Amino acid sequence: MKIKKIIFGFVCVCLFLSAIGGCGDATDKEYTFRNAGFEIGTLTGWTAEGTAFTNKGVSVALKDKNGVRYNYEGDFFFSGAESAAGNATGTLLSEPFKLKGNGKIGFLIGAGKNTSKCYVALVGEDGETELEVRANYEFDENDMADVLHRVILDGSKHTGKTVRVKIVDKDAGIDGYNYINVDDFIVNYHGSESPTGKIFLANNYIEENSYKVNKRYRLSYHVMPQIGWCNDPNGFSYFGGNIHLFYQYHPYSSAWGPMHWGHVTSKDFIKWEYRPVALAPDSGYDSNGCFSGSAIENDGKLYLFYTGVNAGDKQLQCFATSSDGFTFVKSGRNPVINERQLGPGMTAADFRDPYVFKKGGVWYLIAGTRVSGYGNLALYRSANLSEWQFVGYMLNVSDPAAPNYRLTGVYECPAYAVVDGHEILICSPQNLSAKGTEFENVHSVVYMAGKLDAATGKFVYDKFGEIDGGFDFYAAQTMNMPDGRTVMTAWMQMWDRTFPTAADGWAGAMILPRELSYKNGRLYQSPVREIEKYRKNEVKASRREIVDGATVSVNGIDGDTIELEFSIEAGNAERSGVRVFAGTIHETRIYYDAATGTVVLDRSRSGVKISGAEANGSTRSVKVALENGVIKFRIFLDNTSCEVFVNDGFAALTANIYADDADTGIEFFAEGGNAVLVNAVKYDIVVS
Ligand code: FRU
């Protein structure tokens, strides 16, 4: 019985292993050819012609050199630079073998700048007839040019034939990288093309340097980069049982730089796990950056749509896919929306942040742009995600009823969601002028509720409002959860200001994700319900008078990593509210201002000063009506962040606050009259 079980188990494991690429020696031998990974330490099994391929290129390549990690497999790889002088040419031919399995050969490649002269070919038994070719199309001189990354030589059309692998170097030039590095040929390869040099380099850098980040301003239940700079959230989605969040990322410094996509996943929006960098600017069409974009699931794959910025700073739309949600392969058709497909009046200098969604069985893509100098959103349509047609512009920016919606900036980072049956268009207009207490920031995030006319592309709306009335909220993006919720995240920071954490080796974080609902003719937002699982140490307070000029504090209601809920009866006070992050010299005031009917967030005495155009003034406010004389607050603090929700998500205000460690006080106050603290409850938020 036992033996049977073991044999059965072994057979199962073998079946599984053979499905993914090999089961021990027997299966490996069936598929591979001699010395396919150069592990003999010489070119044994290969036939060299010309001068480019010599044993020297294998035997010396035992170790990484000059601080470069070559990313090879096993002990040896073939290094063209070590083999011969750069101007040497020649070929290296494997022994013949029968191409079995899926016919794909995965191998590692580096250098080989001139892809028409340096390449790997699948050739016939004669060693001459080139059946398929794969070169280092990802080559980038400025970065990791020698480092190996995995690519696929796709011979699936030739299975059953006797073939050979031929490595070709016809490049007699001496201008650098005119040789080829290769390693680890795997026949019947089932994996994907893999981290390019730049992704490898980024992950390596993060791993080796993150410990240097100063922790004093770090957050505990918000997403932030391990090290370096992040801005917009990207690709917010649910795929393969995980919530995925990507972000604009420059790991190498705490300032914006060539954009990568950082990646975290979560099961509950609160506890996040860092994943390898998903996209790096490693292709010709995105060598200046992988800008913002979105994610969708199609045919069991996660698709990341993003803006590739090329060396000429042209912004064109691209995508990458993944079967497992962690390793992405850029489409061979990139850019899938190129310059020829721009709408009238648009230029490729401002064409970015694709948001893709499906409506009525058709894929749509919204991109931020400028049309004849004025910000707008462009709509594209596709049946297959690769071929896109321009539909039209979504906003009527010359509508005289809405003159301040005509702006010379770009409507950046669009998103589209259907919330409680209402179509919601979200975007981040640069330089939207203020209107009363709305759009007080230089750059804002707005939503429109209306209807998309799929034929013309127009989004006709009856509501245009601000999403968050605070200081630090930008580039909001939504995703749909399988349970039907629309959840929004955003960059919890802002352009055009100073970043106090930059000196600590990092900058940028995401808001606590918010569930959206639509009622009373407006968008409501409340923190994802999962946060409640992390509440600890509840402290409650009941009705207390707050006398004009005095403060009320409650034993146990304090802290800087907390949730605080309370209601205040404004009474006859001019201002009534709370001081948080309060210490001997610092305080952040959040209060109802009776004269203006607004909730005000005041960070004039919060701590480290933030300066720059976006730090215009030290207060932000939103119009809010009292309900039976009462106003309700729900506030989340996380060491250096403050997110305020008013009247059950009617309004929200978000800010970065850099107080001292000791500034953990909380006091309720009234000024210019008396108020009443109706009730309060505080929880510590503990994410272990
Ligand atoms: C918005 C934005 C996007 C762009 C990205 C670049 O914050 O300017 O429009 O894709 O940042 O990092």
Side-chain angles (χ1 to χ4, degrees), residues 221 269-270 417-422 424 426 437-438 445-447 449 463 465-470 473 476 478 481 483-490 492 511-535 538-543 557 562-571 576-578 580 590-594 596-601 620-638 641-655 666 668 675-683 685:
Y221 58 96
F269 295 105
I270 309 298
V418 179
V419 181
D420 296 325
H422 294 262
I424 305 291
I426 288 173
T437 61
E438 282 195 308
V445 185
V446 305
Y447 72 96
K463 172 79 190 175
E466 181 166 55
I467 297 190
D468 187 290
F473 182 95
T478 53
M481 281 299 278
D483 61 12
R485 283 181 291 170
T486 302
V487 179
M488 176 183 70
T489 187
M492 191 166 61
I511 61 161
L512 176 59
R514 301 175 187 172
E515 294 177 16
L516 298 184
S517 56
Y518 198 87
K519 52 191 182 201
N520 309 325
R522 66 184 282 140
L523 197 62
Y524 276 67
Q525 37 192 324
S526 51
V528 284
R529 58 199 68 175
E530 285 86 346
I531 189 69
E532 294 166 24
K533 285 194 300 181
Y534 296 91
R535 289 170 168 171
E538 176 186 271
V539 180
K540 282 187 159 170
S542 45
R543 200 173 171 87
I557 296 194
I562 60 157
E563 173 184 350
L564 174 68
E565 278 183 65
F566 62 95
S567 297
I568 275 193
E569 227 170 70
S576 51
V578 70
V580 297
I590 301 152
Y591 59 89
Y592 177 70
D593 183 87
T596 53
T598 60
V599 163
V600 180
L601 171 59
R620 290 290 183 271
S621 47
V622 290
K623 278 251 178 242
V624 179
L626 296 178
E627 290 172 6
N628 301 322
V630 171
I631 188 138
K632 245 181 168 174
F633 290 92
R634 190 170 175 207
I635 299 173
F636 288 84
L637 308 182
D638 190 3
S641 70
C642 173
E643 289 158 285
V644 180
F645 297 88
V646 188
N647 287 351
D648 300 313
F650 173 90
L653 302 95
T654 300
I666 291 180
F668 302 95
V676 175
L677 176 66
V678 181
N679 52 40
V681 57
K682 180 225 77 169
Y683 307 94
I685 299 292

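Note that this is a predicted model, so its numbers are computed, not measured. FYI, side chains are in, hydrogens and waters are out, and symmetry mates aren't considered; it's all heavy atoms of this structure.
The minimum heavy-atom distance linking Leu601 with Cys642 is given by the pair CD1-SG, 4.4 Å. Smallest separation of non-hydrogen atoms from Ala651 and Val622: CB-CG2, 3.8 Å. Taking every heavy atom of both residues into account, Asp593 and Thr596 meet most closely at OD2-OG1, 2.6 Å. Shown here for Ala449 and Ile424, the closest heavy-atom pair between the two residues is CB-CD1, 3.9 Å. Gly597 and Tyr592 make their closest contact through CA-OH, 3.6 Å (heavy atoms, listed as atom of the first residue, atom of the second, distance). Contact detail for Ala570 and Ala675: the closest heavy-atom pair is O-CB, 3.8 Å.
At distances below 3.5 Å, at least one donor-acceptor pair connects side-chain atoms of Glu643 with backbone N or O atoms of Leu512. A donor-acceptor pair under 3.5 Å is formed between the side chain of Asp468 and the backbone N or O of Thr654.
For the atom pair NE2 (His422) and OH (Tyr518), the distance works out to 6.0 Å, reported to the nearest 0.5 Å. In this structure, CD on Gln525 lies 6.5 Å from CD1 on Ile467, to the nearest 0.5 angstrom. Atom-to-atom distance recorded for Phe566:CZ and Ile666:CD1 is 9.0 Å, nearest 0.5 angstrom. One distance of note links CG of Leu523 with OH of Tyr447; it measures 5.5 Å at 0.5 Å rounding. To the nearest 0.5 Å, atom OG of residue Ser621 and atom OH of residue Tyr591 are 8.5 Å apart. Ile590 CD1 to Ile568 CD1: the interatomic distance, rounded to the nearest 0.5 Å, is 10.5 Å.
Note on Glu530 versus Arg485: salt bridge recorded, some NZ/NE/NH1/NH2 to OD/OE distance being below 4.0 Å. Salt-bridge check for Glu466 with Lys623: failed, with every basic side-chain N at 4.0 Å or more from each acidic carboxylate O.
Residues Val676 and Arg543 form a side-chain contact, since some pair of their non-hydrogen atoms from C-beta on lies under 4.5 Å apart. In this structure the side chain of Arg620 never reaches within 4.5 angstrom of the side chain of Phe473, judged on heavy atoms.
When the side chain to side chain donor-acceptor pair (under 3.5 Å) test is applied to Glu438, no partner is found at least two apart in sequence or on another chain. Applying the side chain to side chain donor-acceptor pair (under 3.5 Å) criterion to Lys463, with sequence neighbours excluded, gives no partner residue.
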| query | Is there a side chain to side chain contact (heavy atoms under 4.5 Å, CB included) between Asn679 and Lys540 once you walk through the steps? | reply | CA-CA 8 Å; Asn679 52 40; Lys540 282 187 159 170; over 6 Å; no
| field | side chain to side chain contact (heavy atoms under 4.5 Å, CB included) assessment of Val646 paired with Leu653 | value | CA-CA 8 Å; Val646 188; Leu653 302 95; 4.2 Å; yes
Let me have the donor-acceptor pairs involving side chains of residues 624-638, under 3.5 Å, with sequence neighbours excluded, atom names and distances please.
residue	atom	partner	partner atom	Å
Lys632	NZ	Asp648	OD1	3.3
Lys632	NZ	Asp648	OD2	3.1
Arg634	NE	Glu563	OE2	2.9
Arg634	NH2	Glu563	OE2	3.1
Asp638	OD1	Ser220	N	2.8
Asp638	OD1	Ser220	OG	3.2
Asp638	OD2	Ser220	N	3.0
Asp638	OD2	Tyr221	N	2.8
Asp638	OD2	His222	ND1	2.7

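In the displayed structure, Lys533 atom NZ is contacted under 6.0 Å by more than 12 heavy atoms of other residues, nucleotides or ligands.
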